Amino acid sequence: MNSFIVVIPARYASTRLPGKALLDLNGKPMLQHVWERAMESGASKTVIATDDERIASAAEAFGASVCMTGDQHLSGTERIAEVAEIMDWDDAQIVVNLQGDEPSMPAALINQSAALLDDLRADIATLASPFLSVADFESPNCVKVVRADSGHALYFSRAQIPYARHPEHAEVAKECALHHHGIYAYRCGVLRRFVAADASPLEISEQLEQLRALSLDMTIAVGVPEVRPGIGVDTPADLQRASAELSR
């Protein structure tokens, strides 16, 4: 596996859970749990990227390296691209985007995401698992991905894909799709090309930035992890569930 860096984009503003990066989770800021998972991985370096001094101060207090960015970014991907420019990383450098609200992402999955780029045909790598329930498959909040036999993504959607033409094929349809996890790995050259491009009509329609990559003819490798990642935190209820997961 090639050397890789983890960047954790973290912002203070959050519509559903303001200040969530610094919310207490089992005695630590949630962001510290995310950083600890990254530090347990094989990354050569871990950087927290933020535009907020409160987050920067908290991160430095628990020993993290911090890169201050602008406040204009609409996504973590854009924030990471600025970090790559500030740090002057080479186009070949692999970066893993570990979101700041994933306190239960196992280190092994961070490593797996980076290792998927050993496939030189892949521009971007991510992970997805089989759906646990029909309700999740039907939910627009659970992003679906379907893959080619190569393991490369064909399409991502909030809708139920593939569509079961006949009711008796509903289970087959569910088994064809995978539940996408929000972790990405990319080479910096790909990252720069991605953020330089306008949002594609597909991305605007589904509000899924990975569709911009597919529109640009980028290849996305989708791996299936052996261990399912824990819950991402978007709501107070999620925070309680994450606390229970980390207490096991």
Side-chain angles (χ1 to χ4, degrees), residues 1-12 14 19-71 73 75-118 124-127 181-192 194-195 223 225 227 229-233 242 245-246:
M1 181 173 65
N2 293 313
S3 173
F4 68 94
I5 295 168
V6 173
V7 180
I8 304 169
R11 63 192 183 101
Y12 193 84
S14 174
K20 67 178 178 180
L22 301 184
L23 290 178
D24 182 83
L25 179 57
N26 294 11
K28 302 174 184 178
M30 181 172 70
L31 183 61
Q32 184 173 349
H33 289 278
V34 180
W35 174 77
E36 288 174 352
R37 301 294 82 73
M39 295 297 288
E40 292 164 359
S41 76
S44 61
K45 179 187 296 186
T46 298
V47 179
I48 291 175
T50 187
D51 60 2
D52 193 283
E53 291 290 351
R54 291 165 291 188
I55 289 178
S57 295
E60 289 170 348
F62 58 71
S65 296
V66 176
C67 182
M68 296 299 296
T69 68
D71 61 2
H73 301 303
S75 68
T77 304
E78 291 182 3
R79 196 176 303 281
I80 292 172
E82 183 182 355
V83 174
E85 294 307 306
I86 292 170
M87 300 290 188
D88 195 27
W89 289 334
D90 184 85
D91 279 352
Q93 176 62 59
I94 293 174
V95 176
V96 174
N97 176 351
L98 177 60
Q99 297 182 28
D101 57 6
E102 296 278 356
S104 302
M105 180 65 71
L109 273 57
I110 301 171
N111 293 338
Q112 182 181 0
S113 299
L116 286 168
L117 291 184
D118 289 347
I124 299 173
T126 191
L127 301 175
H181 305 305
I183 185 170
Y184 294 97
Y186 14 57
R187 298 176 187 87
C188 284
V190 170
L191 179 60
R192 292 178 173 114
F194 178 89
V195 298
V227 179
I231 188 171
V233 177
E245 286 180 348
L246 291 169

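The chain is numbered in sequence order, starting from 1. Please read these numbers as outputs of a predicted model, since none were measured by experiment.
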Which atom pair, heavy atoms only, marks the closest approach of Asn97 to Gly76?
ND2-C, 4.3 Å

Criterion side-chain contact (heavy atoms from CB on, under 4.5 Å) on Glu36 and Lys28, from CA distance to verdict
CA-CA 11 Å; Glu36 288 174 352; Lys28 302 174 184 178; 3.0 Å; yes

Any pair with a residue in residues 34-57 that passes ring-ring contact (aromatic ring centres under 6.0 Å, His included), sequence neighbours left out, goes on the list, sorted by first then second residue, please.
Trp35-Phe62

A side-chain contact here means heavy atoms from C-beta on lying under 4.5 Å apart; do Thr50 and Met68 qualify?
yes

Is there a side-chain contact between Asp51 and Arg79 in this structure, where contact means two heavy atoms from C-beta onward sitting under 4.5 Å apart?
yes

I need the minimum non-hydrogen distance between Ile110 and Ala38, along with the two atoms involved.
CD1-CA, 3.8 Å

Side chains of Val7 and Trp89 in contact at under 4.5 Å (non-hydrogen atoms)
yes

Within this structure, what is the CG-NZ distance for the pair Leu25 and Lys20, rounded to the nearest 0.5 Å?
12.5 Å

Spatial distance of atom OH (Tyr186) from atom OG1 (Thr126) [nearest 0.5 Å]
9.5 Å

Charged N-O contact under 4.0 Å between Glu40 and Arg37:
yes

Identify the heavy atoms of Pro229 and Pro106 that sit nearest to each other, and give their distance.
CA-CD, 3.8 Å

Exercise: identify the closest heavy-atom pair between Ser65 and Thr46
CB-O, 3.7 Å

What residues, two or more places apart in sequence or in another chain, satisfy salt bridge (charged side-chain N to carboxylate O under 4.0 Å, His left out) together with Arg54?
Asp52

List in chain and number order the residues that pass ring-ring contact (aromatic ring centres under 6.0 Å, His included) with Tyr12, two or more places apart in sequence or in another chain; answer none if no residue qualifies.
none

Looking at Ile5, Val83, Val95, Ile80, which one forms a side-chain contact (heavy atoms from CB on, under 4.5 Å) with Cys188?
Val95

Asn2 side chain near Phe4 side chain, heavy-atom distance below 4.5 Å
no

Considering only heavy atoms from C-beta outward, does the side chain of Val34 approach that of Met105 to under 4.5 Å?
no

Thr77 meets the side chain to side chain donor-acceptor pair (under 3.5 Å) criterion, sequence neighbours left out, with Glu209

Pair Ile55, Val66 - check side-chain contact (heavy atoms from CB on, under 4.5 Å), show working.
CA-CA 9 Å; Ile55 289 178; Val66 176; over 6 Å; no

Who passes salt bridge (charged side-chain N to carboxylate O under 4.0 Å, His left out) against Asp71, sequence neighbours left out?
none

Suppose we screen for salt bridge (charged side-chain N to carboxylate O under 4.0 Å, His left out). Which residues come up paired with Glu245, at least two apart in sequence or across chains?
none

Report yes if the side chains of Glu102 and Ile183 come closer than 4.5 Å at any heavy-atom pair, otherwise no.
no

Drop me the distance from Leu23's CG to Asp101's CG, to the nearest 0.5 angstrom.
11.0 Å

